[in-house]
Amino acid sequence: MSLREYVPQSLRDAWRVEFEKLCEGSMTISEYAVRFSDLARHAPTLVTTVRERVHRFIEGLNPSIRLSMARELEMDVAYQQVVGIARMFEGMLSWDREEREAKRSRESGTYSGTRALAATRYGRGYMGRPVHSALSAANGAPATTRPHDPYYAPP
């Protein structure tokens with residue numbers, strides 16, 4: 001029994017078109033991965049190899065995460081590993097966004113004449129977390145470290 005016997009061609013074509021246009025948009029990585037896998041089932045000719053599946057998944061990610069995953073596009077990485085790496089980058093971006101918002105709210109308070117700790121830590125010269133491939137993190141090792149930052153504490 002195959003899909004062809006029970007699902008009209010028009011519906012299968014619609015799923016294929018939706019898969020071709022699929023982007024993360026406002027979905028979380030987990031939601032995007034589930035939708036991607038569901039639609040990929042209906043468009044097997046578009047992702048015949050693991051490499052094609054990984055490439056198409058990364059290309060549909062939001063630019064902030066897609067750019068961080070350039071290295072994974074060049075390597076033979078398993079699909080589930082790429083999804084895990086994307087989730088990790090999503091978490092890092094979320095953490096950075098929360099830190100910026102917290103810093104903004106601390107700095108918008110009354111002026112006491114001294115610099116806030118956040119302004120000292122993240123002020124001029126701060127380089128941010130280095131963007132490295134997250135492959136080592138997906139294998140259990142930490143992806144980034146900041147031994148030069150005395151205020152850094154891992155989450």
Side-chain angles (χ1 to χ4, degrees), residues 3 7 11-108 116-155:
L3 193 61
V7 179
L11 184 55
R12 287 183 282 149
D13 290 343
W15 284 332
R16 180 187 172 104
V17 169
E18 186 178 350
F19 181 68
E20 290 172 335
K21 295 179 180 181
L22 183 65
C23 289
E24 178 188 358
S26 62
M27 291 183 272
T28 65
I29 296 293
S30 295
E31 293 167 337
Y32 171 64
V34 167
R35 189 69 185 142
F36 181 91
S37 293
D38 286 346
L39 291 172
R41 268 191 344 213
H42 302 294
T45 58
L46 296 178
V47 286
T48 57
T49 66
V50 172
R51 189 178 189 101
E52 288 172 348
R53 185 179 183 92
V54 165
H55 182 75
R56 192 169 282 274
F57 178 82
I58 291 174
E59 288 301 312
L61 292 170
N62 289 333
S64 56
I65 297 175
R66 182 176 58 235
L67 294 173
S68 299
M69 298 191 68
R71 185 170 175 190
E72 284 74 18
L73 277 173
E74 301 301 320
M75 302 175 70
D76 287 330
V77 181
Y79 172 73
Q80 288 301 325
Q81 192 174 8
V82 167
V83 172
I85 293 166
R87 282 186 185 127
M88 186 188 66
F89 279 125
E90 178 182 50
M92 289 169 51
L93 288 172
S94 175
W95 185 81
D96 282 347
R97 194 171 22 259
E98 290 170 6
E99 283 292 307
R100 281 193 307 276
E101 289 171 6
K103 178 183 174 186
R104 231 179 279 132
S105 67
R106 284 191 302 265
E107 289 179 348
S108 66
L117 177 60
T120 303
R121 247 172 59 194
Y122 300 109
R124 179 171 260 165
Y126 176 73
M127 298 300 289
R129 279 194 296 284
V131 177
H132 298 291
S133 171
L135 285 174
S136 57
N139 291 328
T144 59
T145 57
R146 291 196 271 175
H148 62 280
D149 185 353
Y151 299 104
Y152 176 72

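These numbers were taken from a predicted model, which means no experiment stands behind them. Position 1 is the first residue of the sequence, and the numbers go up from there.
The side chain to side chain donor-acceptor pair (under 3.5 Å) test applied to E59 returns no partner, not counting sequence neighbours.
Side-chain contact between L39 and K21 is absent, with no heavy atoms from C-beta onward closer than 4.5 Å. Y32 is listed as a side-chain neighbour of L22, based on a closest heavy-atom distance under 4.5 Å. Using a 4.5 Å cut-off on side-chain heavy atoms (C-beta onward), H42 and L11 make no contact. Between Q81 and M75 the shortest side-chain heavy-atom distance does not fall below 4.5 Å. Two residues are said to be in side-chain contact when any heavy atoms from C-beta on lie closer than 4.5 Å; V83 and F36 fail this criterion. Taking the side chain as every heavy atom from C-beta outward, V54 and E72 never approach each other to under 4.5 Å. Contact of the L61 side chain with the I29 side chain is registered, since non-hydrogen atoms from C-beta on lie closer than 4.5 Å. Using a 4.5 Å cut-off on side-chain heavy atoms (C-beta onward), R53 and S37 make contact.
Shortest non-hydrogen contact noted between A43 and F19 is CB-CD2, 3.8 Å. Minimum heavy-atom separation, G25 to N62: O-ND2, 3.0 Å. Nearest approach of V50 to A78, heavy atoms of both residues: CG1-CA, 4.4 Å.
Here the CD atom belonging to E99 is positioned 10.5 Å from the CD atom belonging to E101, to the nearest 0.5 angstrom. Once rounded to the nearest 0.5 Å, the distance linking CG of L73 with CZ of R51 reads 8.5 Å. Distance CE/M88 to CD1/I65: 10.5 Å, rounded to 0.5 Å. The distance from the CZ atom of R56 to the CG atom of L46 is 5.0 Å, given to the nearest 0.5 Å. To the nearest 0.5 Å, atom OG1 of residue T49 and atom OH of residue Y79 are 13.5 Å apart. Annotation: the span from M69 atom CE to L67 atom CG amounts to 11.5 Å, rounded to 0.5 Å.
Classification of R35 and E31 as a salt-bridged pair fails, no side-chain N sitting under 4.0 Å from a carboxylate O.
Of the possible polar contacts, one joining the E52 side chain to the T48 backbone as a donor-acceptor pair under 3.5 Å is found.
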